[in-house]
**Q** 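Here you go, one structure.
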Amino acid sequence: MGAEANPIAAPLAHVVRNRIAGATGVAGLKRLSGGASQETWSFDAITSGDPVQLILRRAPGGERAPSATAVPLETEARLIGLAGGVGVPVPTVRHILAPEDGLGHGFIMNRIAGETIARKILRDDEYANARPKLARQCGEILARLHNIDKASLPPLRTSPARAEIEQYLGVYKAHGHPHPVFDLALRWLKENAPPESTDHTLVHGDFRNGNLMIGPDGVRAVLDWELAHIGDPMEDLGWICVNSWRFGNIDQPVGGFGAREDMFEGYEAAGGAKVDPARVKFWEVLGTLKWGIMCTIMVTAFKSGADRSVERATIGRRSSETEIDLLRLLAPRAKEA
């Protein structure tokens, strides 16, 4: 769709002229395919010199839908600013949309060059030198993120381990698809949940392949902060180790590109708390279960006719993969037999 035919082109150009120094308009406006819950638009701000490469992250149709887990885009923009202030690589936020902008809820940020597609990051020669560094870089980044002063944070939900278990138990029971392995995992999680006294920090909530912008030099930006909350910092360390985010490189637990030990060393060296491997495993199990339950939700959407896309059906079938992953985590000796 050309910028002339796009209904957001004119109001966006108006915003850019008023918010980006020297900008006279926009060019190359196109919607990107990434981002399941928010709109992501790529465009350039036209200036007398080099164009300014930008991204518009916007609520679908500009309208914010109520969510029990996703933070408002305005909050997401504030978190990105706070993270950048402590050395987390993030895009610079240029403007948070206001009602008078006529674009709804969202924000404009710099566009960072790099790759988010795991298949390319894990296999292309272009990233061969970066791959050995990524696990440690992820640990360093998470340490900085978890050290953000909680007093500086905007309002966020608090979700300790037991609350997460109860939330996904409710979702699992609601969709009506029994999975004995999920029942086993839920029992194990209840028996092994971290104590309520666990220190809580800011948690990204979706720190994994797909939400990391990678270049030949390593991690360039942490994206998609919509699931941020207050919780156990070990949650982020466990989530990136979920087998589904390794994309076939199962012998590289951290995102398919590195070892847990490298991530843990980077985390502690950058000022993170001492890593508790048992808690990290708990969150890896819970993360695996969460993704499995999400996959069954896709099945429900497909069967009900709410979304008859092939993508929904295909993702739904992946719940069986998570059952295998859970058995490998909960019964590791069976893997060795």
Side-chain angles (χ1 to χ4, degrees), residues 36-37 66-72 75-76 79 142 145-146 148 150 153-175 177-208 210-211 222 224-245 253-255 260 267 272-273 275-298 300 318-319 321-323 325-330:
S37 57
S67 173
T69 55
V71 302
T75 299
E76 187 175 344
L79 291 172
L142 286 172
L145 190 160
H146 295 158
I148 293 174
K150 285 196 291 185
L153 296 172
L156 295 169
R157 66 185 175 93
T158 297
S159 192
R162 293 192 181 279
E164 290 277 316
I165 295 170
E166 291 304 315
Q167 176 187 344
Y168 282 91
L169 172 61
V171 175
Y172 168 54
K173 294 298 184 183
H175 67 57
H177 296 284
H179 289 261
V181 177
F182 289 0
D183 293 326
L184 173 67
L186 283 161
R187 186 175 70 184
W188 184 92
L189 288 165
K190 289 178 179 180
E191 293 172 352
N192 291 274
E196 295 295 325
S197 59
T198 299
D199 288 338
H200 289 163
T201 67
L202 172 65
V203 172
H204 181 276
D206 202 10
F207 190 90
R208 59 171 175 84
N211 291 335
V222 181
D224 292 357
W225 293 70
E226 63 184 301
L227 297 182
H229 58 277
I230 303 299
D232 183 352
M234 298 298 108
E235 178 181 349
D236 280 333
L237 295 169
W239 181 244
I240 196 174
C241 292
V242 169
N243 191 36
S244 296
W245 314 139
V254 181
R260 293 184 182 89
Y267 186 79
V275 173
D276 182 344
R279 270 166 53 207
V280 174
K281 178 180 177 179
F282 167 87
W283 287 107
E284 184 177 341
V285 173
L286 180 51
T288 303
L289 175 67
K290 283 166 62 173
W291 177 237
I293 291 173
M294 291 175 195
C295 290
T296 62
I297 293 172
M298 303 292 185
T300 302
R318 296 192 63 189
S319 62
E321 297 174 10
T322 65
E323 292 180 286
D325 294 338
L326 285 168
L327 289 174
R328 289 168 65 92
L329 284 164
L330 300 179

**Q** So, do Pro233 and Tyr267 sit near enough that their side-chain heavy atoms are less than 4.5 Å apart?
**A** yes
**Q** With sequence neighbours left out, what residues match Trp291 under ring pair (Phe, Tyr, Trp, His ring centres under 6.0 Å)?
**A** Trp245
**Q** Suppose we screen for side chain to side chain contact (heavy atoms under 4.5 Å, CB included). Which residues come up paired with Pro154, at least two apart in sequence or across chains?
**A** Thr75, Arg78, Leu79, Leu82
**Q** For the residue pair Lys290 and Trp239, would you count it as a cation-pi contact if the rule is NZ or CZ under 6.0 angstrom from the ring centre and within 45 degrees of the ring axis?
**A** yes
**Q** Which atom pair, heavy atoms only, marks the closest approach of Pro195 to Thr198?
**A** O-OG1, 2.8 Å
**Q** Mind checking the CG-CD spacing from Leu326 to Glu284? Nearest 0.5 Å is all I need.
**A** 9.5 Å
**Q** Applying salt bridge (charged side-chain N to carboxylate O under 4.0 Å, His left out) to Glu235 and Arg279, what does each step give before you reach the verdict?
**A** CA-CA 8 Å; Glu235 178 181 349; Arg279 270 166 53 207; over 6 Å; no
**Q** Just by distance, no angles: are the side chains of His200 and Asp232 close enough, under 3.5 Å, to form a donor-acceptor pair?
**A** no
**Q** Between His175 and Thr296, is any side-chain donor less than 3.5 angstrom from a side-chain acceptor?
**A** yes
**Q** Answer yes or no: does atom CZ of Arg157 have more than 12 heavy-atom neighbours from other residues, nucleotides or ligands under 6.0 Å?
**A** yes
**Q** I want to check something: taking the side chain as every heavy atom from C-beta on, are Tyr172 and Asp183 in contact at a cut-off of under 4.5 Å?
**A** yes
**Q** Whether Glu323 and Arg318 form a salt bridge (side-chain N of Lys/Arg under 4.0 Å from carboxylate O of Asp/Glu) is what I want to check.
**A** no
**Q** Is the shortest heavy-atom distance from the side chain of Ile148 to the side chain of Leu153 under 4.5 Å?
**A** yes
**Q** With His179, which residues qualify under ring pair (Phe, Tyr, Trp, His ring centres under 6.0 Å), at least two apart?
**A** Phe182
